[in-house]
Chemist: 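This is the structure I have questions about; it appears just below.
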Number of protein chains: 2
Amino acid sequence: MVDSSNDFGRIIKQQRITLQLTLQQLADVSGVSPSHLGRIERGERFPSAHILRKIAQPLNFGEDELFTLAGYLSSEPLKVTEKDPTYSSGRLDPYVAAVLSQEPVEIQRTVIGILTLLKNIGRSMSE
Amino acid sequence: MVDSSNDFGRIIKQQRITLQLTLQQLADVSGVSPSHLGRIERGERFPSAHILRKIAQPLNFGEDELFTLAGYLSSEPLKVTEKDPTYSSGRLDPYVAAVLSQEPVEIQRTVIGILTLLKNIGRSMSE
DNA sequence: CTTGACATTTGCCAGTTGGCAAATTATAAT
DNA sequence: ATTATAATTTGCCAACTGGCAAATGTCAAG
């Protein structure tokens with residue numbers, strides 16, 4: 001299965017690169033084969049919970065953080081999301097709320113500041 | 001494959017019974033086939049993260065909670081949040097919630113993705 | 001340019017997941 | 001008990017996961 005907008009893989013890869021690890025090294029530490037790790041990074045495989053748990057710690061992710069990321073970023077959009085009006089715009093996504101509430105209010109507002117900035121940039125570029 | 005001490009299945013089943021749902025009804029709501037749900041309940045299948053996520057909401061479980069129950073997660077709370085009292089307010093600033101909820105969920109999640117990336121960069125730079 | 005040493009990707013395939021439909025079992029109602 | 005109906009389980013199999021080994025890509029040193 002290929003995930004065309006492979007956010008999860010990109011995040012994993014970014015973190016591996018940041019930590020200066022090769023696939024082989026991450027494989028040694030996590031016990032997951034380098035080939036499989038590579039396929040996860042480029043969205044050719046969707047890792048099982050078992051694998052997610054193995055790679056969470058070596059990548060400095062909280063386990064549940066990685067699970068939540070994987071769940072929400074998985075290739076198949078949730079039908080529930082489409083059917084349930086409470087999940088569409090006008091409401092705050094529960095996952096987003098959960099993650100943000102872990103941050104100090106200062107950080108929360110900074111995030112909003114960045115969002116506003118990006119929107120302004122986008123607006124001015126489309127004129 | 002059979003899980004001899006099938007705690008997870010029992011908990012899932014208990015919750016389904018409590019909510020007065022049949023396998024068929026839970027299947028309709030969650031989008032997971034009744035046969036598969038049945039096999040999960042009696043420990044003949046280990047649900048993927050994808051399936052876990054689908055059934056969490058209809059059963060009134062938080063996703064992390066369900067992952068923990070599934071035995072994939074350690075039950076330890078997040079280290080960062082626990083050790084640093086100034087770090088988390090534990091709640092979402094109302095202004096932040098108001099602004100973010102005006103964006104599509106997709107954007108909301110992208111914002112979180114950016115935040116995560118920035119945190120990872122910061123973490124690796126301070127080592 | 002070539003060699004050698006790693007790093008990453010690909011080919012292959014055994015094992016597992018999860019859906020569909022048929023079979024079986026439980027539950028009512030007469 | 002008998003039939004009808006709903007709920008659950010089983011048989012089957014297409015699709016996916018993840019490991020191993022081979023192939024390919026990358027790059028620094030000679």
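Heavy atoms only: backbone and side chains are in, while hydrogens, waters and symmetry mates are out. Just so it is clear: chains get the letters A, B, ... in the order the sequence lines come, proteins before strands, and each one is counted from 1.
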Chemist: I'd like to know if the side chain of B:R39 and the backbone of B:E44 have a donor-acceptor N/O pair within less than 3.5 Å.
Modeler: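 No; judged by distance alone, with no hydrogens or angles, the pair does not exist.
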
Chemist: Any Lys/Arg nitrogen of B:R10 or B:E41 sitting under 4.0 Å from an Asp/Glu carboxylate oxygen of the other?
Modeler: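 Looking at B:R10 and B:E41, the cut-off is not met.
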
Chemist: Consider the side chain of A:F46, meaning its heavy atoms from C-beta on, and name the nucleotide among D:dT17, D:dG18, C:dT9 that approaches it most closely.
Modeler: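 Of D:dT17, D:dG18, C:dT9, D:dT17 is nearest to the side chain of A:F46.
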
Chemist: Report the relative orientation of the aromatic rings in A:F46 and B:H50; use parallel for angles under 30°, tilted for 30 to 60°, perpendicular for over 60°.
Modeler: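 Geometry flag for B:H50 against A:F46: perpendicular rings.
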
Chemist: What is the distance from NE2 of B:H36 to C1' of D:dC12, rounded to the nearest Å?
Modeler: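 Whole-Å distance recorded here is 16 Å.
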
Chemist: Hydrophobic clusters here meaning ILVMFWY residues chained together by side-chain heavy-atom distances under 4.5 Å, can you tell me if B:L23 and B:L19 are in one?
Modeler: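 Hydrophobic grouping puts B:L23 with B:L19.
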
Chemist: Does A:R45 place a side-chain N or O at less than 4.0 Å from the phosphate oxygens OP1/OP2 of C:dT17?
Modeler: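 No, no such contact exists.
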
Chemist: For residues A:Q15 and A:L59, report the shortest heavy-atom separation together with the two atoms involved.
Modeler: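 Where A:Q15 meets A:L59 most closely, the heavy atoms are NE2-O, 2.8 Å.
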
Chemist: Check this one for me: any side-chain N or O of A:S35 less than 4.0 Å away from OP1 or OP2 of D:dG18?
Modeler: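 Checking A:S35 against D:dG18: no side-chain N or O falls below 4.0 Å of OP1 or OP2.
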
Chemist: Which nucleotide wins on minimum distance to the side chain of A:P47, given the candidates C:dT10, C:dG19, D:dG18?
Modeler: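 So the nucleotide nearest the side chain must be D:dG18.
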
Chemist: Roughly, in whole Å, what's the span from CD in B:E44 to C1' in D:dC12?
Modeler: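 For the pair B:E44 CD and D:dC12 C1', the rounded distance is 14 Å.
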
Chemist: Can you measure B:H50 atom NE2 to D:dA15 atom C1' for me and round it to whole angstrom units?
Modeler: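 So the NE2-C1' distance, B:H50 to D:dA15, works out to 13 Å.
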
Chemist: Rounded to whole Å, please give me the gap between CD in A:Q24 and P in D:dA21.
Modeler: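 Atom CD in A:Q24 sits about 12 Å away from atom P in D:dA21.
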
Chemist: Between B:I55 (CD1) and C:dG18 (C1'), how many Å, whole number?
Modeler: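 About 13 Å, once rounded to whole Å.
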
Chemist: What's the CG-C1' distance between A:L37 and D:dC20, to the nearest Å?
Modeler: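 Going from A:L37 (CG) to D:dC20 (C1'), I get 14 Å.
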
Chemist: Return the value, rounded to whole Å, for the distance between atom CG of A:L26 and atom P of C:dA7.
Modeler: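 Interatomic distance, CG of A:L26 to P of C:dA7: 13 Å.
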
Chemist: Starting at the 5' end of DNA chain D and moving along, which residue's nearest nucleotide shows up first, B:R39 or A:I40?
Modeler: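 Result: B:R39.
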
Chemist: Please report the distance, rounded to the nearest Å, between CG in A:L23 and P in D:dG19.
Modeler: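 One finds 13 Å between P of D:dG19 and CG of A:L23, rounded.
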
Chemist: Using OP1 and OP2 only, check whether a side-chain N or O of A:R42 sits under 4.0 Å from C:dT10.
Modeler: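 Yes, A:R42 has a side-chain N/O under 4.0 Å of OP1/OP2 on C:dT10.
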
Chemist: A:T22 near the nucleic acid: base, sugar-phosphate alone, or nothing, with a heavy-atom cut-off under 4.0 Å?
Modeler: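 Sugar-phosphate contact only.
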
